[in-house]
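Take a look at the structure below.
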Amino acid sequence: MSCVFCRIVAGELPAERVFESERVLAFRDIRPAAPVHVLVVPKAHVESLFELDDRELAGELLLGAAEVARLQGLDRGFRLIANTRHDGGQEVGHIHLHVVGGRRLGPMLAR
Ligand code: 5GP
Ligand code: ZN
């Protein structure tokens, strides 16, 4: 299995897990961009948001992100990011939502 996030889901690679539901896992980003930086992924491999067509899984991912924000105490706010495919800057080809917070974030887009 070559997908790094599939390997984390399988327990083959270590990760600091912060939340898990039936079909979703959340773990800390290895290179955090903010005090809280958690990735929310489906346990089953889906390439990107462009390929996502499972409404229940979409809901579980989004609610997983909201639960991560609550668990991490991000009541002041946070940002949810889904980098998608090449132009979106997606580096890992397994869909993931970034939950980023714990400080006031800057402008959204780098040009
Ligand atoms: P992308 O650019 O695809 O939206 O973001 C991929 C994210 O995955 C990056 O923020 C990167 O730091 C994170 N990442 C890449 N490899 C690993 C890993 O092996 N473990 C963890 N926890 N995060 C990773
Ligand atoms: Zn995968």
Side-chain angles (χ1 to χ4, degrees):
M1 196 195 306
S2 59
C3 172
V4 61
F5 290 171
C6 281
R7 295 186 67 191
I8 286 174
V9 168
E12 292 175 15
L13 286 178
E16 192 183 335
R17 297 170 177 233
V18 300
F19 172 76
E20 184 170 2
S21 65
E22 190 183 341
R23 300 174 70 190
V24 164
L25 178 69
F27 52 89
R28 290 194 196 284
D29 196 293
I30 204 168
R31 289 177 49 225
V36 175
H37 188 168
V38 173
L39 303 174
V40 184
V41 311
K43 293 178 181 175
H45 186 88
V46 176
E47 198 79 9
S48 83
L49 188 56
F50 205 81
E51 285 76 23
L52 184 64
D53 60 2
D54 182 330
R55 296 171 71 94
E56 275 198 23
L57 182 58
E60 197 167 324
L61 280 168
L62 192 59
L63 291 176
E67 185 61 15
V68 166
R70 289 187 287 263
L71 289 169
Q72 295 294 311
L74 299 180
D75 49 294
R76 289 170 62 91
F78 64 97
R79 191 168 291 161
L80 191 61
I81 302 165
N83 296 324
T84 303
R85 291 193 164 179
H86 178 270
D87 280 6
Q90 183 175 359
E91 288 176 359
V92 176
H94 179 134
I95 186 173
H96 49 281
L97 300 177
H98 296 252
V99 177
V100 183
R103 65 168 169 82
R104 178 81 168 101
L105 300 169
M108 186 169 71
L109 296 174
R111 292 174 197 280

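Every number for a ligand or one of its atoms is a count from 1 in the order of the listing.
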Heavy-atom closest pair, residues R17 and V9: NH2-O, 3.3 Å
Salt bridge (charged side-chain N to carboxylate O under 4.0 Å, His left out) contacts touching residues 44-59 (sequence neighbours left out): R23-D54, E51-R85
Shortest non-hydrogen separation from L105 to F78 and the atoms involved: CD1-C, 4.5 Å
Closest non-hydrogen atom pair between H45 and G93, with its separation: CE1-O, 3.0 Å
Within less than 2.8 Å of the Zn ion (ligand 2): protein N, O or S atom count: 4
Distance in Å, L52 CG paired with I95 CD1, rounded so as to fall on 0.5 Å steps: 4.5 Å
For the student: nearest non-hydrogen atoms of V99 and A65, plus distance: CG2-CB, 3.8 Å
Contacts of type ring pair (Phe, Tyr, Trp, His ring centres under 6.0 Å), residue H98, not counting sequence neighbours: H37, H96
Are there any N/O pairs under 3.5 Å between ligand 1 and the protein, and if so, what are their distances?
| unit_1 | atom_1 | unit_2 | atom_2 | d |
| --- | --- | --- | --- | --- |
| ligand 1 | 2 (O) | G89 | O | 3.0 |
| ligand 1 | 2 (O) | E91 | N | 3.4 |
| ligand 1 | 3 (O) | E91 | N | 2.6 |
| ligand 1 | 3 (O) | V92 | N | 3.0 |
| ligand 1 | 3 (O) | H96 | NE2 | 3.0 |
| ligand 1 | 4 (O) | N83 | ND2 | 2.9 |
| ligand 1 | 4 (O) | H96 | NE2 | 2.8 |
| ligand 1 | 4 (O) | H98 | NE2 | 2.8 |
| ligand 1 | 5 (O) | H96 | NE2 | 3.2 |
| ligand 1 | 5 (O) | H98 | NE2 | 3.3 |
| ligand 1 | 10 (O) | D29 | OD1 | 3.2 |
| ligand 1 | 10 (O) | D29 | OD2 | 2.5 |
| ligand 1 | 12 (O) | D29 | OD1 | 2.5 |
| ligand 1 | 22 (N) | R28 | O | 2.8 |
| ligand 1 | 22 (N) | I30 | N | 3.4 |
| ligand 1 | 23 (N) | I30 | N | 3.2 |

Hydrophobic cluster membership, V38 vs L74, 4.5 Å side-chain cutoff: yes
Same apolar cluster (I L V M F W Y, side chains within < 4.5 Å links), L39/L80: no
